[in-house]
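Below you'll find the structure, written out as structure tokens, and then a few comments.
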Amino acid sequence: PGKEKESFADLEKMLKIQKRYLFHFAKKTDWDLLIYVTCIVDSANHWYRGRRDDLIEKAYIKADKMLGSVINKLVDSNTTVIVMSDHGAGYLKGNINLNKLFLDKGLLKIKNKPIPQIKYRLFKVGLTPQSVFGIMKKLGLSKLAAVMPREKRDAALDKFISFKDVDFENSVCYSAGHIGQVYINSKPEKKNSKVNAKIIKAILSLRDPETGERVVEKVLTSKQVCTG
């Protein structure tokens with residue numbers, strides 16, 4: 001925050017460099033398939049949404065002009081152009097910690113040892129990295145986290161509850177990643193419909209604390225999504 005002008009200038013510079021390389025390689029070889037990826041729209045949505053929506057619109061305009069340039073200068077009647085995105089973008093209304101849900105439902109277990117159990121009890125009363133950072137922000141100390149060396153920051157985070165404290169042997173499932181992936185922590189022969197049903201029931205029980213509305217409308221298993 002506060003350096004939006006500089007960061008957007010970096011995005012524009014990146015787009016110009018990418019364009020130069022794209023045109024260079026597109027003309028150098030007779031391609032059967034040429035794939036070009038630009039991140040300006042993705043980055044703009046991550047960096048500016050809710051604060052500088054005008055820069056998001058500007059990013060789309062820049063990307064559109066780039067596409068127009070490609071079509072006008074590189075595309076002929078024998079070329080098919082496909083424009084696509086790997087995901088959409090929208091306002092973030094809130095965060096969901098699936099591992100917190102699994103802990104509450106007894107699907108994720110913490111090691112029955114003193115330190116992990118102490119960490120878990122502190123977690124239950126609200127002592128998390130987010131809550132500590134919130135306090136630091138109120139005290140005007142939030143910049144300390146940004147300038148703290150990575151190894152010290154990792155060491156500080158290690159004081160809070162983490163996967164190191166999880167009893168995986170006795171846990172049914174856990175979530176890892178940033179887009180809601182859920183992994184069943186059991187041997188293949190135990191990955192049955194009853195286990196799936198428990199997990200799905202837990203996820204569907206999520207409610208918006210403000211409206212009471214269901215947060216997740218539908219849960220799909222991997223077999224329902226794809227084969228292989």
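All values reported here derive from a predicted model rather than from experimental measurement.
Annotation: side chain of W47 is not in contact with side chain of I56 (no heavy-atom distance under 4.5 Å). Side-chain contact check for K58 versus Y48: every heavy-atom pair is 4.5 Å or farther apart. No side-chain heavy atom of V172 sits under 4.5 Å from any side-chain heavy atom of K198. For the pair R214/R207, a side-chain contact is recorded, criterion being any heavy-atom separation below 4.5 Å from C-beta on. Residues L22 and L34 have side chains in contact (heavy-atom distance under 4.5 Å, counting atoms from C-beta outward). In this structure, V132 and F160 have side chains that are in contact, with non-hydrogen atoms separated by less than 4.5 Å. Side-chain atoms of D64 and I61, non-hydrogen and from C-beta on, never get closer than 4.5 Å to each other. For the pair L206/L98, a side-chain contact is recorded, criterion being any heavy-atom separation below 4.5 Å from C-beta on.
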> Going through the checks in order, is the side-chain contact (heavy atoms from CB on, under 4.5 Å) test met by L122 and I161?
Replying inline: CA-CA 9 Å; L122 291 173; I161 194 167; over 6 Å; no
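The two atoms that bring A202 and L101 nearest to each other are O-CD2, 3.4 Å, heavy atoms only.
Separating the CE atom in M136 from the OG atom in S131 is a distance of 11.5 Å, to the nearest 0.5 Å. If you take CG on L107 and CD1 on I203, they are separated by 9.0 Å, rounding to the nearest 0.5 Å. Here the OH atom belonging to Y183 is positioned 12.5 Å from the SG atom belonging to C173, to the nearest 0.5 angstrom. In this structure, NZ on K62 lies 11.0 Å from CG on L55, to the nearest 0.5 angstrom. Atom CG of L15 and atom CG of L11 lie 8.5 Å apart (nearest 0.5 Å). Here the straight-line distance linking atom CG of L204 with atom CD of E217 works out to 10.0 Å at 0.5 Å rounding.
Hydrophobic clustering (side-chain heavy atoms under 4.5 Å, transitive across Ile, Leu, Val, Met, Phe, Trp, Tyr) keeps L108 apart from I115. Residues V225 and I200 do not share a hydrophobic cluster, defined by chaining ILVMFWY side chains whose heavy atoms lie under 4.5 Å apart. Connection of I17 to V70 is established within a shared hydrophobic cluster, with ILVMFWY side chains joined at heavy-atom distances below 4.5 Å, either directly or through further cluster members. Cluster membership for V37 and V83, using ILVMFWY side-chain heavy atoms within less than 4.5 angstrom, is not shared.
Below 30°, between 30° and 60°, or above 60°: for F163 and Y174 the angle between ring planes is above 60°, a perpendicular geometry.
Using a 3.5 Å distance cut-off with no hydrogens or angles, the side chains of S69 and N72 do not pair a donor with an acceptor.
Evaluation of the salt bridge (charged side-chain N to carboxylate O under 4.0 Å, His left out) test over residues 19-29, restricted to residues two or more places apart or in two chains, returns none. Within the structure, every pair that satisfies the salt bridge (charged side-chain N to carboxylate O under 4.0 Å, His left out) test and touches residues 99-128, not counting sequence neighbours, is listed here: K100-D104, K119-D165.
In the displayed structure, Q181 atom CD is contacted under 6.0 Å by more than 12 heavy atoms of other residues, nucleotides or ligands. Residue-environment remark: CD (Q117) exceeds the threshold of 12 foreign heavy atoms within 6.0 Å. The environment of CG in D76 is crowded: more than 12 heavy-atom neighbours from other residues, nucleotides or ligands sit within 6.0 Å. Heavy atoms from other residues, nucleotides or ligands lying under 6.0 Å from CD of E6 number more than 12.
Not a single donor-acceptor pair under 3.5 Å links the side chain of S43 to the backbone N or O of I40.
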